[in-house]
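Each remark here refers to the structure printed beneath this line.
By convention in this document, chain letters (A, B, ...) are assigned in the order of the sequence lines, proteins followed by strands, and residues within each chain are numbered from 1.
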2 protein chains.
Amino acid sequence: MPDSPPARGRVRLIDVAELAGVTKSVASRILSRDETLNVRPSTRARVLDAAERLQYSPHAGARALAASTTGALSLLIPDLTNPVYARIARGAYQRAHDLGYVVLLAEDNEETDARADFTDLVDAGRVDGLLIASARQDHPLIESGRLAAIPHVFVNRTVPDSGRNVTVDLELASRVAYEYLHGLGHRAVAHISGPGGLSPARDRERGFLEAAARSHAPIPHVVHADFSEAGGYAAVEEILRERPDITAIYAGTLPQSIGALKSLQVLGRRVPHEVSLLSYDDLPMAAYLTPALTTLELPLQELGTAAVDELVQQLRGGPPRDVTLGSHIRIVERDSVTSIS
Amino acid sequence: MPDSPPARGRVRLIDVAELAGVTKSVASRILSRDETLNVRPSTRARVLDAAERLQYSPHAGARALAASTTGALSLLIPDLTNPVYARIARGAYQRAHDLGYVVLLAEDNEETDARADFTDLVDAGRVDGLLIASARQDHPLIESGRLAAIPHVFVNRTVPDSGRNVTVDLELASRVAYEYLHGLGHRAVAHISGPGGLSPARDRERGFLEAAARSHAPIPHVVHADFSEAGGYAAVEEILRERPDITAIYAGTLPQSIGALKSLQVLGRRVPHEVSLLSYDDLPMAAYLTPALTTLELPLQELGTAAVDELVQQLRGGPPRDVTLGSHIRIVERDSVTSIS
DNA sequence: CTGAAAGCGCTTACAG
DNA sequence: CTGAAAGCGCTTACAG
């Protein structure tokens, strides 16, 4: 018959220590998997067993105070409604969990107060490190220099010279995109990029242009637009006004593609027979649009995973470094792209 | 010339106390806005000023230990990629921030380990309360009884007899939907509901059926399907097979609507001329589909706000209660619904 | 109106 | 191989 658990309140380290017949010190070291510790196997077993029976879970705050380590990471994303980030987040959650960390997700964009988030999470000592996927130009956190105080990585964006960018090889991805279109005979192609100088957009754009140059093909027509349906819609209007000869469009995000599709339809250009549309990033929805979208599939979950790996390496004293993911990039062929006959 | 901040490490309560020339006790009480405290206004001002100058931010862990209060709430959502939850989350974040809480978002579904999340967040003492929007049947947390230990509310779902459900009035919403279709002359209508007995789906369905009964109209044909594009696609196939006379369909989620649209098109039924499609929940994307989707707009952000309000009331000692949001429900008319001529 | 002191639940040198 | 003790940064009765 097992001992009855403590009458009320949380079970503390002292409770498991007493159940196991040791002191807090030993119990603590055993439970935190201190490798340098030499204990009799039977003692270890008793402690582990006691913790199990009492369902012991250490108080995060107490541990944070004593060891100045929280076991938490924060993931800052620019837009909760964007599925791209949801998938990065999943990869991050899962890996963090496996490594014994919990990840706290926060939305961080122009409407949101980055300073406040930072205070609530970092200054308040709730997290050990930051995964920053919030693609803002001149991000206030970067400019303020406050990031220096805490380990961090940039995910899916690149901050020049930071030496801690974890990204998909967007140039490679865009090259794959270009060469796919080129291989189908398209020469008059356009690209719907992002607004201003956001790094993912910039990299996609550069890769696309370079691939065209490498093929000695005409320079693609690039249009800057919001990462939204409305952005894609307006971009297509502009493209067709200035370059009515365009036969293929490469859009930077799925919402842009949806807007582009609509615009093409309103303007009476049939997809793919008159204009082919290739979308960046694959999602289930792409298969259900009309026509079903041909897309570029990217290793987003892996991106989240890699970002956590890098951050945890830093927490363990390793140096920050850039990581670029180049595999798992492929075209998912559906009905929105066809060859030039 | 201002005093220089402490040389290194975090600034602590004792630092601001010393700068202000008082003890930690007083500083603590002033900074935590203890209403029962009588201090000379000048003392209060000195302390507040010192905290400001030193950029003092209390250590969350230390506070959690001493006061057993964390200032954090956790929002559990079933699917990060679903924009419905993103909008609830936004409402929640914003209100929580205004009330001095931080909200920690976590994805909680079948693939995820709810027990682990609970341990990491609740047992570890990282949060004061839970906002549970994860619409799972027989949720392990509910069954285990572990929720009894922590204040919580259910958001956008209803757990019978829990007395702490914060929801949009889905029956009302579905009644609005039904009456809209009915008013346009539709009598042979179908509803794409959710899988099994999930509470939001059940409530939508009931409201829709009741509205039909109240109008002495034929009973709508109800089909159960996954909350996904594939679910909507399959549902339409089934509907048209069994009830080829249907003139209008009411879909429970936007992804279902996208799948339904595709299915209708593949089966050669023109929308809206042969079949009208009304979608639950409005998002920017709806306007860019073809045809643009007529939708039911819901107060999702308000739902997040209300949920936080209720949870915080509980934290302040108030009793849990059910809250139903009935306003801000309206039809956004676009091109996927037309009248019976 | 303000201060001294205990205590929240841990970790971690330091002893033995 | 194990224990005693200090200390992390707060809050909160309790005194005065």
Side-chain angles (χ1 to χ4, degrees), chain A residues 6 8-48 50-51 54-72 100 122-126 128, chain B residues 6 8-48 50-51 54-72 100 122-126 128:
Chain A
R8 62 208 167 75
R10 70 158 38 243
V11 3
R12 297 148 310 167
L13 181 60
I14 185 88
D15 299 317
V16 353
E18 281 174 358
L19 214 200
V22 297
T23 56
K24 291 192 304 175
S25 318
V26 189
S28 171
R29 279 170 288 202
I30 289 174
L31 292 173
S32 56
R33 325 217 159 271
D34 180 343
E35 298 295 338
T36 73
L37 181 68
N38 271 10
V39 267
R40 215 167 299 173
S42 65
T43 307
R44 180 185 303 273
R46 280 206 319 280
V47 169
L48 260 15
L54 296 179
Q55 302 245 56
Y56 173 66
S57 174
H59 184 111
R63 174 170 281 179
L65 248 194
S68 34
T69 206
T70 65
V122 179
D123 292 344
R126 285 186 208 272
D128 295 330
Chain B
R8 62 205 167 76
R10 70 159 39 244
V11 4
R12 297 150 308 166
L13 181 60
I14 186 88
D15 299 317
V16 354
E18 280 172 1
L19 214 201
V22 297
T23 55
K24 291 191 304 175
S25 318
V26 189
S28 171
R29 278 170 288 202
I30 289 174
L31 292 174
S32 57
R33 325 216 159 273
D34 180 343
E35 298 296 339
T36 72
L37 180 68
N38 272 10
V39 268
R40 215 168 299 173
S42 65
T43 308
R44 181 185 303 273
R46 280 208 318 281
V47 169
L48 259 16
L54 296 179
Q55 301 246 59
Y56 172 66
S57 173
H59 183 111
R63 175 170 279 179
L65 248 195
S68 32
T69 208
T70 64
V122 180
D123 293 342
R126 285 187 207 272
D128 295 330

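Among all heavy-atom pairs drawn from B:Ala27 and B:Ala17, the shortest one is CB-CB, 4.0 Å. Minimum interatomic distance between B:Tyr56 and B:Val11 (heavy atoms only, all atoms of both residues): CD1-O, 3.5 Å.
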Just distance, no hydrogens or angles: give the donor-acceptor pairs under 3.5 Å from side chains in residues 63-70 of chain B, sequence neighbours left out.
| unit_1 | atom_1 | unit_2 | atom_2 | d |
| --- | --- | --- | --- | --- |
| B:Thr70 | OG1 | B:Ala72 | N | 3.1 |
| B:Thr70 | OG1 | B:Arg126 | O | 3.4 |
| B:Thr70 | OG1 | B:Asp128 | N | 3.2 |
| B:Thr70 | OG1 | B:Asp128 | OD1 | 2.9 |
| B:Thr70 | OG1 | B:Asp128 | OD2 | 3.2 |

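A donor-acceptor distance shorter than 3.5 angstrom exists from the side chain of B:Arg10 to the backbone of B:Ser57, with no hydrogens or angles considered.
At a threshold of 4.5 Å between non-hydrogen side-chain atoms, the residues B:Leu13 and B:Ser28 count as touching. When side chains are defined from C-beta on, A:Val47 does not count as touching A:Val39, because their heavy atoms never get closer than 4.5 Å.
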query: Where does DNA chain D pair, written as one dot-bracket string 5' to 3', with Watson-Crick or G-U pairs under 3.5 Å, ( ) inside the strand, [ ] for crossing pairs and | for another strand?
result: |||.||||||||.|||
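Remark: A:Leu48 CG to A:Ile30 CD1 distance equals 7.0 Å, nearest 0.5 Å. Atom NZ of A:Lys24 is separated from atom CG of A:Asp15 by 11.0 Å, given to the nearest 0.5 angstrom.
The residue among A:Lys24 and A:Arg44 whose nearest nucleotide of DNA chain D lies closer to the 5′ end is A:Arg44.
Listed by chain and number, the residues in a side chain to side chain contact (heavy atoms under 4.5 Å, CB included) with A:Arg46 are A:Ala20, A:Val22, A:Ser42, A:Thr43 (sequence neighbours excluded).
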field: Test log, rule side chain to side chain contact (heavy atoms under 4.5 Å, CB included), inputs B:Leu31 and B:Val16
entry: CA-CA 10 Å; B:Leu31 292 174; B:Val16 354; 4.2 Å; yes
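Interface residues of residues 60-67 of chain B facing DNA chain D, ordered by number: B:Ala62, B:Arg63, B:Leu65, B:Ala66, B:Ala67; criterion, heavy-atom separation under 4.0 Å.
If you check every strand for non-hydrogen atoms under 4.0 Å, B:Thr43 touches sugar and phosphate atoms only.
Taking a heavy-atom distance under 4.0 Å as the criterion, the stretch of DNA chain D touched by chain B extends 5' to 3' from D:dG9 to D:dC14.
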